[in-house]
Enquirer: 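What follows is a structure written as structure tokens; I'll ask about it next.
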Amino acid sequence: MTTTYKELVKGATLTGTAGSLYTAPTATSASIQAASANNPTAGALTLNVYKVPSGRAADGTTRIAAKNIAAGVTAQFPELVNHKLEPGTQIFADGNGCSISISGIEYVKDSA
């Protein structure tokens, strides 16, 4: 098994609709190690993060974090740390105008 530390989501700017930001590749699992978001807008907003298994949707049943972020504030998301993503699982997020970064580890199954 090969282990790679990487930035899973690189400063993605979010919209008001949940969008896919990362998909665990085939034969690869991932683990979230750190996550933060910045609200550069003039008003407070809510940022939602979803862990969506293959074939599912970003909705209330797949949401793993929701946080109100004041204008001009950068917030940490410790509640995302150690979430595991099986191959095909996606990270979605929404939060109109916020930017989000997520770091983690990918575990790639060695071919036999």
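It should be emphasised that the depicted structure is a prediction, and the values quoted were computed from it without experimental measurement.
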Enquirer: Scan T61, D94, D59 and name whichever one has a side-chain hydrogen bond (donor to acceptor under 3.5 Å, both in side chains) with Y50.
Expert: D94
Enquirer: Are L85 and V52 connected, step by step, through hydrophobic side chains (Ile, Leu, Val, Met, Phe, Trp, Tyr) whose heavy atoms are closer than 4.5 Å?
Expert: no
Enquirer: Return yes if some donor-acceptor pair links the side-chain N/O of S36 with the main-chain N/O of A75 below 3.5 Å, else return no.
Expert: no
Enquirer: Without swapping roles, check the side chain of N38 against the backbone of S99 for a donor-acceptor pair under 3.5 Å.
Expert: no
Enquirer: Tell me, yes or no, whether the heavy-atom count around K84 atom NZ, taken from other residues, nucleotides or ligands under 6.0 Å, exceeds 12.
Expert: yes
Enquirer: Look at the side chain of N96 and the backbone N and O of T15, then say whether any donor-acceptor pair between them is shorter than 3.5 Å.
Expert: no
Enquirer: Distance only, no hydrogens: is a donor on one side chain within 3.5 Å (strictly under) of an acceptor on the other, for E106 and T4?
Expert: no
Enquirer: Applying the side chain to side chain contact (heavy atoms under 4.5 Å, CB included) test to P87, which of P25, S54, S29 qualifies?
Expert: S29
Enquirer: Please determine, by modelled atom types, if E7 and Y22 share a side-chain donor-acceptor pair under 3.5 angstrom.
Expert: no
Enquirer: Applying the side chain to side chain contact (heavy atoms under 4.5 Å, CB included) test to K51, which of L80, I91, T89 qualifies?
Expert: T89
Enquirer: With distance as the sole test, does K109 use its side chain to make a donor-acceptor pair with the main-chain N or O of Y107 at under 3.5 Å?
Expert: no
Enquirer: Under a single-linkage definition using a 4.5 Å side-chain heavy-atom cutoff for Ile, Leu, Val, Met, Phe, Trp and Tyr, are L21 and I64 assigned to the same hydrophobic cluster?
Expert: yes
Enquirer: For the backbone of T26 and the side chain of T28, can you confirm whether one donor and one acceptor N or O come within less than 3.5 Å of each other?
Expert: yes
Enquirer: Are the side chains of T62 and P53 in touch, meaning some heavy atoms are under 4.5 Å apart?
Expert: yes
Enquirer: Any chain of hydrophobic side-chain contacts (each under 4.5 Å) joining L45 to I100?
Expert: no
